Engineer: 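Okay, handing you the structure first.
All residue numbers refer to positions in the sequence shown, counting from 1. Since the structure is predicted, the reported quantities are computational estimates derived from the model, not experimental observations.
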Amino acid sequence: MTEAPETTTRPQRYPFSEPDRLNLDPRYAKLRRDEPLTRIRLPFGEPAWLATRHADVRTVLGDPRFSRAASVGRDEPRNSARQQDTGILAMDPPEHTRLRRLVAKAFTARRVEQLRPRTRAMADELVDGMLAAGPPADLVEHLATPLPIRVICDLLGVPVADQDRFHTWSEAIVSTTSLAPEVAQQYIDNLFAYMGELIARRRREPTDDLLGAMVRARDADDRLAEDEVVQLAAGLLAAGHETTVTQIPNFVYVLLTHPDEWDRLRAEPALVPSAVEELMRFVPLGASSAFARYALEDVELGGVLVRAGEPVVVSIPSANRDEAVFAEPDRLDLTRQANPHLGFGHGVHHCIGAQLARMELQVVLETLVDRTPGLRLAVPEPELTWKSGLLVRGLVAMPVSW
């Protein structure tokens, strides 16, 4: 074990490079091999440790000796100038457990399966519209954006007619530099105010949706403070669609640029569930790392002693390419059997909507294989435009033909 105090180790600037499509910087492979825990400095905040190996990432995300709540009041390592109140994401048990338990039942595998037929009907309707528009059509506009928004609106009880507003505001959740700090804060304020209005409406007109259940938990059981209801509901609305909106075109892009795997999926649609897991592993959704965990005591990690009070951030994309866990990790293999990827996180902050996202991604791939087996990019790949200034990688638009 090596002691590497902050005062003697010069942090590397992080992220190491600007995102290049969905390519993972080769420095991660070198770090996994030679320096699995390394000192870094994000654009803002104090220096941190970066964990790159699968085992170490799991430890940081799952071990109670690493705390999210300890980030409150600290100059947390981050990608944007503003320090955002991340609500439930900045909590540890038991406070985290109290909030998560209130909404967890809406995202169980059983509840999500009940939503599958309606989600498939939505996907068919949206593909009908895309086919009617004729090629080239933008997959982002016609399918990837509206489907997750409709699903989360149904689940929460949010009017889908308001999607243009809250989808715009939700960018503030994943923005690093795409929005000026004052604009990002305004968007957050708008999202919270919008949720506050919906909650007030639920009090006047009770409903059986998730938002109605959260209001009852606040008013009848006194298990939530008012700001907790607003913040939790806004977070579910934003996170409940933003990443899936991004991952749908990412998945399709990877498949269309790996034509042998797309052909395999067309020939064997039963591979869709394992394809979704492999794509969750293979696609490096995060453009950078965020949400540092602070060591509550001295912890040995990756052969290094992390001192109490030091922050650690993790690279999930790197963990998902760890040679010690995945055979041929840089190869897309839709038939991969053992696939303990960390695409939905790990530990108490494991994505609460993981089952919902899985179902939506499966439905999209099943629908496209069924309805548009000849799907292909309608422009040369280098002409595709990628988003920038966000925590996540994704396409601005994806023109396709079929």
Engineer: Restricting to salt bridge (charged side-chain N to carboxylate O under 4.0 Å, His left out), what partner residues turn up for R101, sequence neighbours left out?
Structural biologist: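 R101 satisfies salt bridge (charged side-chain N to carboxylate O under 4.0 Å, His left out) with no residue once adjacent residues are dropped.
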Engineer: Strictly distance-based, threshold 3.5 Å: is any side-chain N or O of T59 a donor or acceptor partner for the main-chain N or O of A55?
Structural biologist: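 Checked: pair present.
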Engineer: Check the pair S67 / R293 against side-chain contact (heavy atoms from CB on, under 4.5 Å), numbers first and verdict last.
Structural biologist: CA-CA 5 Å; S67 166; R293 271 75 172 172; over 6 Å; no
Engineer: Would you name the heavy atoms of L391 and A290 that are closest together and state the gap between them?
Structural biologist: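 Shortest heavy-atom separation between L391 and A290 comes out as CD2-CB, 4.2 Å.
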Engineer: Of the non-hydrogen atoms in F107 and V103, which two are nearest, and what is the gap between them?
Structural biologist: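 Residues F107 and V103, closest heavy atoms: CD1-O, 3.3 Å.
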Engineer: Check the pair R100, M91 against side-chain contact (heavy atoms from CB on, under 4.5 Å), reporting the backbone distance first and the verdict last.
Structural biologist: CA-CA 10 Å; R100 186 173 174 117; M91 292 180 179; over 6 Å; no
Engineer: Quick test of your reading of the model: are R307 and D298 salt-bridged, counting only N-O distances below 4.0 Å?
Structural biologist: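 Looking at R307 and D298, the cut-off is met.
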Engineer: Ignoring hydrogens and geometry, is there a side-chain-to-backbone donor-acceptor pair from D209 to G212 under 3.5 Å?
Structural biologist: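 Between the backbone of G212 and the side chain of D209 there is a qualifying donor-acceptor contact (under 3.5 Å).
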Engineer: Write out all pairs satisfying ring-ring contact (aromatic ring centres under 6.0 Å, His included) with one or both partners inside residues 266-300, taking only residues at least two apart or from two chains.
Structural biologist: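 Every ring-ring contact (aromatic ring centres under 6.0 Å, His included) pair that includes a residue of residues 266-300, provided the two are not neighbours, is H258-F282.
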Engineer: Taking E141's backbone N and O only, do any of them form a donor-acceptor pair with T145's side chain (distance below 3.5 Å, no angle check)?
Structural biologist: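 Answer holds: no.
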Engineer: Keeping R393 on the side-chain end and K387 on the backbone end, is there a donor-acceptor pair under 3.5 Å?
Structural biologist: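 No: the side chain of R393 does not pair with the backbone of K387.
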Engineer: T119 side chain to E360 main-chain N or O, any donor-acceptor pair under 3.5 Å?
Structural biologist: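 Absent.
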Engineer: Report yes if the distance between the aromatic ring centroids of Y253 and W386 is under 6.0 Å, otherwise no.
Structural biologist: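 Centroid separation for Y253 and W386: below 6.0 Å.
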Engineer: Where do Q83 and R74 come nearest, in terms of heavy atoms and distance?
Structural biologist: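 What the structure gives for the nearest pair is NE2-O, 2.8 Å.
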Engineer: Does E18, at its CD atom, have more than 12 non-hydrogen atoms belonging to other residues, nucleotides or ligands within less than 6.0 Å?
Structural biologist: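 No.
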Engineer: Does the distance from a Lys or Arg side-chain N to an Asp or Glu carboxylate O, for D128 and R371, drop under 4.0 Å?
Structural biologist: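 Looking at D128 and R371, the cut-off is met.
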Engineer: Quick one: do E125 and R150 make a salt bridge, cutoff under 4.0 Å?
Structural biologist: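 A salt bridge links E125 with R150.
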Engineer: Classify the ring geometry of F16 against Y14: parallel below 30°, tilted from 30° to 60°, perpendicular beyond 60°.
Structural biologist: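 F16 and Y14: perpendicular rings.
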Engineer: Does NZ or CZ of R39 lie under 6.0 Å from the centre of the six-membered ring of W49, at an angle within 45° of the ring axis?
Structural biologist: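 The answer is yes, since R39 meets both limits relative to W49.
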Engineer: Any salt bridge between R358 and E277, counting N to O under 4.0 Å?
Structural biologist: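 E277 and R358: salt-bridged.
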Engineer: To the nearest 0.5 Å, what is the distance between CG (L50) and OG1 (T52)?
Structural biologist: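 L50 CG to T52 OG1: 6.0 Å, rounded to 0.5 Å.
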Engineer: So, for S17 and R27, which heavy atoms are closest and what is the spacing to 0.1 Å?
Structural biologist: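 Result for this residue pair: CB-NH2, 3.8 Å.
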Engineer: Taking all non-hydrogen atoms of both residues, which atom of W262 and which atom of L255 are closest, and how far apart?
Structural biologist: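 Distance-wise, the nearest heavy atoms are CB-O, 3.4 Å.
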Engineer: Working note: R264 + D260, criterion salt bridge (charged side-chain N to carboxylate O under 4.0 Å, His left out); need CA distance, chi angles, decisive distance, verdict.
Structural biologist: CA-CA 6 Å; R264 175 182 293 188; D260 289 347; over 6 Å; no
Engineer: Could you check Y187 against I173 for side-chain contact (heavy atoms from CB on, under 4.5 Å), going step by step and ending with a plain yes or no?
Structural biologist: CA-CA 9 Å; Y187 281 6; I173 303 292; over 6 Å; no
Engineer: Regarding Q186 and D189, is there a side-chain donor-to-acceptor distance under 3.5 Å anywhere?
Structural biologist: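 Side-chain D/A pair, Q186 to D189: absent.
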Engineer: I'd like to know if R21 pairs up with E381 as an ion pair, taking the criterion as any Lys NZ or Arg NE/NH1/NH2 lying under 4.0 Å from an Asp or Glu carboxylate oxygen.
Structural biologist: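 Salt bridge between R21 and E381, a charged N being under 4.0 Å from a carboxylate O: yes.
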Engineer: Where the side chain of R321 meets the backbone of A29, is there a donor-acceptor pair that is under 3.5 Å apart?
Structural biologist: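 Side chain of R321 to backbone of A29, a donor-acceptor pair under 3.5 Å: no, none is there.
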Engineer: Apply side chain to side chain donor-acceptor pair (under 3.5 Å) to the pair R202 and T207, showing each step before the final yes or no.
Structural biologist: CA-CA 7 Å; R202 287 297 184 280; T207 59; 2.9 Å; yes
Engineer: Would you say the side-chain atoms of Q247 and T244 include a donor-acceptor pair closer than 3.5 Å?
Structural biologist: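 Their side chains do not contain a donor-acceptor pair, so the 3.5 Å distance test is not met.
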Engineer: Look at the side chain of E278 and the backbone N and O of R336, then say whether any donor-acceptor pair between them is shorter than 3.5 Å.
Structural biologist: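 No: the side chain of E278 does not pair with the backbone of R336.
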Engineer: Of all heavy-atom pairs between L156 and A233, which one has the smallest distance, and what is that distance?
Structural biologist: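 So the minimum-distance heavy-atom pair works out to CD1-O, 4.1 Å.
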Engineer: Measuring from atom OG1 of T168 to atom CG of D162, what distance do you get when rounded to the nearest 0.5 angstrom?
Structural biologist: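 If I round to the nearest 0.5 Å, the distance is 11.5 Å.
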Engineer: With the threshold set at 4.0 Å, does a side-chain nitrogen-carboxylate oxygen contact exist between D370 and R120?
Structural biologist: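 Answer for the salt bridge query: yes.
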Engineer: Answer yes or no: is there an ion pair linking E328 with R281, defined by an N-O contact shorter than 4.0 Å?
Structural biologist: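 Not counted as a salt bridge, because no side-chain N and carboxylate O are separated by less than 4.0 Å.
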Engineer: Answer yes or no: is there a donor N or O on one side and an acceptor on the other, between the side chain of D138 and the main chain of M398, under 3.5 Å?
Structural biologist: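 Judged by distance alone, yes, a pair lies under 3.5 Å.
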Engineer: So, R53 and D56, do they make that salt bridge, N to O below 4.0 Å?
Structural biologist: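 Answer for the salt bridge query: no.
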Engineer: Under a 4.0 Å threshold between the charged nitrogen and the carboxylate oxygen, would E76 count as salt-bridged to R68?
Structural biologist: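 A salt bridge is present here (some side-chain N lies under 4.0 Å from a carboxylate O).
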Engineer: Whether the side chain of R58 engages the backbone of L61 through a donor-acceptor N/O pair (distance < 3.5 Å, no angle test) should be reported.
Structural biologist: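 It does not hold such a pair.
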Engineer: Keeping the roles fixed (side chain from T108, backbone from R111), state whether a donor-acceptor pair exists under 3.5 Å.
Structural biologist: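 The answer is yes, because a donor-acceptor pair under 3.5 Å joins these two groups.
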Engineer: Can you confirm whether R116 is buried at CZ, in the sense that more than 12 heavy atoms of other residues, nucleotides or ligands lie under 6.0 Å from that atom?
Structural biologist: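 Counting other residues, nucleotides and ligands, CZ of R116 exceeds 12 neighbours.
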Engineer: If you measure from the Lys or Arg side-chain nitrogens to the Asp or Glu carboxylate oxygens, is any gap between E95 and R98 under 4.0 Å?
Structural biologist: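 Result for this pair is yes, salt bridge flagged.
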Engineer: Distance only, no hydrogens: is a donor on one side chain within 3.5 Å (strictly under) of an acceptor on the other, for T246 and T243?
Structural biologist: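 On atom types as modelled, these side chains do not qualify, holding no pair under 3.5 Å.
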